Visitor: 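Input: one structure, supplied below.
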Number of protein chains: 2
Amino acid sequence: MPIPSLDRDVEQRLRRDDVRYTRGRRAVVQALATAAGPRSAAELHQDMGSDVPLSSLYRTLTVLEEANIISPHFGARGLTRYELAEWITGHHHHYVCIECGAVEDIDVSEEIEHKVDALVEEISGMASFNPTSHVLEIEGRCRRCR
Amino acid sequence: MPIPSLDRDVEQRLRRDDVRYTRGRRAVVQALATAAGPRSAAELHQDMGSDVPLSSLYRTLTVLEEANIISPHFGARGLTRYELAEWITGHHHHYVCIECGAVEDIDVSEEIEHKVDALVEEISGMASFNPTSHVLEIEGRCRRCR
DNA sequence: TTCCTTGCAAACGATTTGCATTGGA
DNA sequence: TCCAATGCAAATCGTTTGCAAGGAA
């Protein structure tokens, strides 16, 4: 999923908060941009060559989350994975392996997404909720675990 | 959500695995049966009066999960919440507060659930996945946080 | 007696924090 | 220069485990 103006957009967004777009932060954004799904701190640590200390990585993730560059995903026991925020990647869903916990992105057509939205509205209406967004995850066994 | 034959059903299910349905286990099942949504070990500990040691509670949760009496829910940073398995409560969805992380059950009509299933099938088909189930969570701010 | 179950304390893995150092505007 | 960002080590939090004691069949 190539995002042409990614660095520019992120830098601009960070500048708003007076936050610097440093080498370490660029590396995380890069790693997430090329990942096939949400990644945990440990996974990013591997992806990135393991020289950055974990504590710095966690700090970077916190900063990026606060600036709304990345979003947390809680789909596995006791660990948080991150992905680029939807204003960057566009709205999407996840395929989650019930065996190993791996998570993969699913992009859906606008047409289908409209149907999802309509359903969420319908359900929320009946329960008198005020939805701001939704999460749809499809569970199954991934290639490796099948 | 009153479940008339709950204790009987659970006991029977546990006996299959040669697992005893002890006082502590009954208490957890009871607490979950009356909860409005998934509960974490710490939350259950409070719900139950706090005299059971946490380690026992965790062990109970492990046993009940292995016997498929309860199911884990990962919707919050670094903590697992549990709810009664869907063969007991019926399939349902969740309303998740984006502010405080509280989770509440949403029961939907069969009619709507059919639509959800159809959508999941449609999406999975396009991605050549083999779905065994799905999770739909509606996000918003709960009464308290609004 | 024979296992399953529980309690307590220590161990663990993911994440956070204090503090001194480094680095960029 | 000056404050944000980083590295390292220690602390914290949710959860798990070893081991000895308690209980039910």
Side-chain angles (χ1 to χ4, degrees), chain A residues 7 10-31 38-67 69-82 100-103, chain B residues 10-29 31 38-67 69-82 100-103:
Chain A
D7 260 12
V10 170
E11 180 153 27
Q12 196 171 324
R13 193 76 168 69
L14 288 179
R15 185 143 32 212
R16 249 205 252 171
D17 295 17
D18 277 305
V19 173
R20 292 182 197 151
Y21 195 27
T22 62
R23 189 182 297 99
R25 291 168 186 176
R26 270 172 213 278
V28 169
V29 169
Q30 252 343 291
R39 305 292 275 163
S40 68
E43 288 162 348
L44 285 169
H45 192 243
Q46 284 213 316
D47 297 349
M48 295 167 50
S50 303
D51 35 1
V52 184
L54 267 176
S55 66
S56 298
L57 228 181
Y58 277 110
R59 264 195 273 241
T60 296
L61 292 171
T62 302
V63 167
L64 293 177
E65 184 185 354
E66 281 170 350
I69 306 296
I70 64 177
S71 315
H73 174 262
F74 314 114
R77 215 172 280 273
L79 128 174
T80 303
R81 287 192 167 104
Y82 291 89
C100 69
V103 181
Chain B
V10 170
E11 180 153 27
Q12 198 170 324
R13 191 73 169 74
L14 288 178
R15 185 140 36 211
R16 248 204 256 170
D17 295 17
D18 277 305
V19 173
R20 293 182 199 149
Y21 195 27
T22 61
R23 190 182 295 100
R25 290 167 188 174
R26 271 172 212 277
V28 168
V29 169
R39 305 292 277 162
S40 68
E43 287 163 346
L44 284 170
H45 191 244
Q46 285 213 318
D47 296 350
M48 295 167 50
S50 305
D51 37 0
V52 184
L54 267 175
S55 67
S56 298
L57 228 180
Y58 278 109
R59 264 194 274 239
T60 296
L61 292 171
T62 303
V63 167
L64 293 178
E65 184 184 354
E66 281 168 351
I69 307 296
I70 63 177
S71 315
H73 175 262
F74 314 114
R77 212 170 284 272
L79 127 173
T80 302
R81 287 190 167 105
Y82 292 89
C100 69
V103 180

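All figures in this text were calculated on a predicted structure; none of them were measured in a lab. Letters A, B, ... are given to chains in the order of the sequence lines, protein chains preceding strands, and every chain is numbered from 1.
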Visitor: Measure from NE2 on B/His73 to C1' on D/dG14 and round the result to the nearest Å.
Guide: 17 Å

Visitor: Can you sort out the partners of B/Glu66 under salt bridge (Lys or Arg N to Asp or Glu O under 4.0 Å), two or more places apart, ordered by chain and number?
Guide: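 Partners of B/Glu66 under the salt bridge (Lys or Arg N to Asp or Glu O under 4.0 Å) test: none.
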
Visitor: Round to the nearest Å and state the distance from B/Glu66 atom CD to C/dT5 atom C1'.
Guide: 14 Å

Visitor: I need the OH-P distance between A/Tyr21 and D/dA4, as an integer number of Å.
Guide: 20 Å

Visitor: Kindly say whether B/Thr80 contributes a backbone atom to a donor-acceptor pair with the side chain of A/Arg77 at under 3.5 angstrom?
Guide: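 Here the side-chain-to-backbone pair does not exist.
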
Visitor: Quickly work out the B/Asp17 CG to C/dT5 C1' distance and round it to whole Å.
Guide: 16 Å

Visitor: With a 3.5 Å distance limit and no angle check, can you tell me whether B/His45 reaches the backbone of B/Val52 through a side-chain donor-acceptor pair?
Guide: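 Here the side-chain-to-backbone pair exists.
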
Visitor: Could you tell me how far apart A/Arg26 (CZ) and C/dG24 (P) are, to the nearest whole angstrom?
Guide: 12 Å

Visitor: Ignoring hydrogens, what is the shortest heavy-atom contact between A/Leu44 and A/Ala31? Give both atom names and the distance.
Guide: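 In this case the closest contact between A/Leu44 and A/Ala31 is CD2-CB, 3.8 Å.
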
Visitor: Treating B/Arg81 as the side-chain partner and B/Gly75 as the backbone partner, does any N or O pair qualify as donor plus acceptor under 3.5 Å?
Guide: no

Visitor: Calculate the interatomic distance between A/Leu57 atom CG and C/dG13 atom P; express it in whole Å.
Guide: 19 Å

Visitor: Given atom CZ of A/Arg39 and atom P of C/dA14, what is their separation to the nearest angstrom?
Guide: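 Roughly 14 Å, once rounded to whole Å.
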
Visitor: Please list, chain by chain and in numerical order, all residues satisfying side-chain hydrogen bond (donor to acceptor under 3.5 Å, both in side chains) with B/Tyr58, sequence neighbours excluded.
Guide: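 So B/Tyr58 forms no side-chain hydrogen bond (donor to acceptor under 3.5 Å, both in side chains) with any residue.
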
Visitor: Would you mind building the protein contact string for nucleotides 15-25 of chain D? One character per nucleotide, 5' to 3', B for base within reach (heavy atoms under 4.0 Å), S for sugar-phosphate only, - for untouched.
Guide: BBBBB---BS-

Visitor: What is the distance from NE2 of B/His45 to P of D/dC13, rounded to the nearest Å?
Guide: 16 Å

Visitor: Assign A/Val63 to base, sugar-phosphate, or nothing according to its heavy-atom contacts below 4.0 angstrom with the strands shown.
Guide: nothing

